[in-house]
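No experiment lies behind these values; they were computed from the predicted model shown. To find a chain, count down the sequence lines: A is the first, B the second, and so on, and within it residues start at 1.
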2 protein chains.
Amino acid sequence: MNATIDRSLVSALPLFSRMSDAELDDILSMAVSRRYAVGTSVFEQGQAADQFFVLLYGRLRVTQVTPEGQQIIIRMVNPGDLFGIAKALQRNDYPGTSMAVAESVALAWPMTCWDEILERHPSLTINAMQTMGGRLQEAHTRLRELSTEEVERRVAHTVLRLANQSGKKEAGGVRIDFPVSKQDIAEMTGTTLHTVSRILTAWESAGLVEGGRRKLLLKDPHRLLLLGDGHVPGLL
Amino acid sequence: MNATIDRSLVSALPLFSRMSDAELDDILSMAVSRRYAVGTSVFEQGQAADQFFVLLYGRLRVTQVTPEGQQIIIRMVNPGDLFGIAKALQRNDYPGTSMAVAESVALAWPMTCWDEILERHPSLTINAMQTMGGRLQEAHTRLRELSTEEVERRVAHTVLRLANQSGKKEAGGVRIDFPVSKQDIAEMTGTTLHTVSRILTAWESAGLVEGGRRKLLLKDPHRLLLLGDGHVPGLL
DNA sequence: CGGATTGTTGAGGATACTCAAGTTAGGTGG
DNA sequence: CCACCTAACTTGAGTATCCTCAACAATCCG
């Protein structure tokens, strides 16, 4: 809700790379910044897509609910990520719900600006396309995992992906630096929280991870990688 | 390998919509057309990505092989589709293999033209982005299906998707108009050819489909849709 | 006609789900 | 600050789905 947003907030983001100050100002002049408390949603599935966003701080979880009421996590949104770009998906509504799992701040643009911005700023268009390319690749990776791997390996890969995207080095390992529940992990891997609980318990006994209520610390990422790649037998 | 490619071949494609004749000619002047016999590959997984393509006629299957040797089908390429755009995925190699399942013709551009073309033709950039958006949505749909649905429903959805993309109305139903094996369907749904065989046999007894060696005719798409959406019990 | 590819079907078993009961941790209000 | 309440998690038992293994049948192609 600021009058003007400072260039320095975004100038380092890959999305805005190779843009002049003037271009940045042009784009930022159309944006407002918004704060989202933990547990609040930025937008909800099915809602008219009237804005798109860039996350500045915090962490969001994007979910979809099936007609039967099962939920799956499409992805986590990390600082610097573009999200809510329904227009690029050729949609008028948001296909999922995005909810803050940590205190978050995002820039918001009216969706009506989308075409205009792309037209006026070709380098941003290319960056946005690369963003989508990266996401497409991640989706294919997950498809491959879901199609071919057993649960334990899928959980290993999922947990390693989380660590790569939102891990923070810490004494004794890499911590996922936002609250993750077993249910969350289940919804990312296509399994149940029961199975995730059993797997993490086994891993904990083996010294691979350290769990806790919505906490996760990877104590031995290397061994997890071996497990995920099937070079080492599972622990169940 | 033609000297020049005629505008009429591509002017109707969504990818090239809203482009002037001059723009089209500029783009086409950099392309060559190529023919691919059934069973030949356009490019292979891991190979240096030196070209990107648009399919004019025919049908391609894009697969990935896991380190363990299991294969999955990432998608089918239909006429008009852009494919092999490794650059947009920020890659220097092709992440999968694309192989002709029907006699095919594609236009090919040197990958070095990619940035240049995007720069010179903003409307094509936007169209390409929409292509990627559509693909991202399809990937998310498949993720949701793999995560939450049992095999029979996944097969129903997969088969209906095939019909929508490459179905041809025919006396008695909708025919998938290229050869599809049970193995193919298995690789699209994350199951085995055995399970697919059992499911299709059951469906055939119920008058839902008509199978055959690499053939598939949907006799009752509506009932298949109900089955896929869980509004009707499965037949296994 | 023969070989190869594709598909069928059965039996048995493993993975992971469901159902169920309980425990622990954390937050909240008195 | 403690008691309570709820959300998150644990663990066990039973079972369903679907995979694996195996043998065979049908179809296509040269």
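- In this structure, B:Ser41 contributes its side chain and B:Glu44 its backbone to no donor-acceptor pair below 3.5 Å.
- B:Gly211 comes within contact range of no nucleotide atom at all, as no heavy-atom separation falls under 4.0 Å.
- In summary, the side chains of A:Gln64 and B:His140 do not present any donor paired with an acceptor at a separation below 3.5 Å, with no hydrogens or angles considered.
- When the P atom of D:dA7 is taken as reference, atom CG of A:Asp184 falls 15 Å away, rounded to whole Å.
- Considering only the side chain of A:His194, C:dA20 comes nearest among C:dA20, C:dG26, D:dT20.
- Atom CG of A:Leu193 and atom P of D:dT10 are 9 Å apart (whole Å).
- Scanning atom types as modelled, no donor and acceptor separated by under 3.5 angstrom connect the side chain of A:Arg198 and the base of D:dT10.
- For B:Thr191, counting side-chain heavy atoms from C-beta on, the closest listed nucleotide (D:dT17, D:dC19, D:dA8) is D:dC19.
- Put simply, CD on B:Glu150 is 12 Å from P on D:dA16, counting in whole angstrom units.
- Between A:Glu149 and A:Arg213, the residue whose closest nucleotide on DNA chain C is further toward the 5' end is A:Glu149.
- For C:dT9, the OP1/OP2 oxygens have no side-chain nitrogen or oxygen of B:Ser197 closer than 4.0 Å.
- The closest side-chain donor-acceptor pair between B:Thr201 and B:Glu204, if any, does not fall under 3.5 angstrom.
- Atoms CG (B:Leu235) and P (D:dC18) sit 13 Å apart, rounded to a whole Å.
- Nucleotide D:dA26 holds its C1' atom 14 Å from the CD atom of B:Glu204, rounded to whole Å.
- In the model, A:Asp81 has no side-chain atom that pairs as donor or acceptor with a side-chain atom of A:Thr131 under 3.5 Å.
- Between the CD atom of A:Gln183 and the P atom of C:dC17 there is a distance of 12 Å, rounded to whole Å.
- A side-chain N or O of A:Gln137 and one of B:Arg91 form a donor-acceptor pair less than 3.5 Å apart.
- Rounded to whole angstrom, the span from the NZ atom of B:Lys182 across to the P atom of D:dA25 amounts to 19 Å.
- Taking the C1' atoms of five terminal pairs at each end of the helix from C:dC1-D:dG30 to C:dG30-D:dC1, the two resulting helix axes are inclined by 50°, rounded to 10°.
- For the 3.5 Å distance criterion, the side chains of B:Thr141 and B:Glu138 fail to qualify, holding no donor opposite an acceptor.
- The existence of a salt bridge linking B:Glu170 and B:Lys219 is excluded, since no basic side-chain nitrogen approaches an acidic carboxylate oxygen closer than 4.0 Å.
- Counting any heavy atom pair closer than 4.0 Å across all strands shown, B:Gly190 reaches sugar-phosphate atoms only and no base atom.
- In this structure, the nucleotide among C:dG7, C:dT9, C:dA16 sitting nearest to the side chain of A:Val151 is C:dA16.
- A close approach under 4.0 Å does occur between a side-chain nitrogen or oxygen of A:Thr201 and OP1 or OP2 of D:dT11.
- Between A:Arg154 and A:Glu149 no salt bridge is recorded (no basic side-chain N to carboxylate O distance below 4.0 Å).
- The side chain of B:Thr195 places no N or O atom within less than 4.0 Å of a non-bridging phosphate oxygen (OP1 or OP2) of D:dC18.
- Between the NZ atom of A:Lys215 and the C1' atom of C:dT24 there is a distance of 14 Å, rounded to whole Å.
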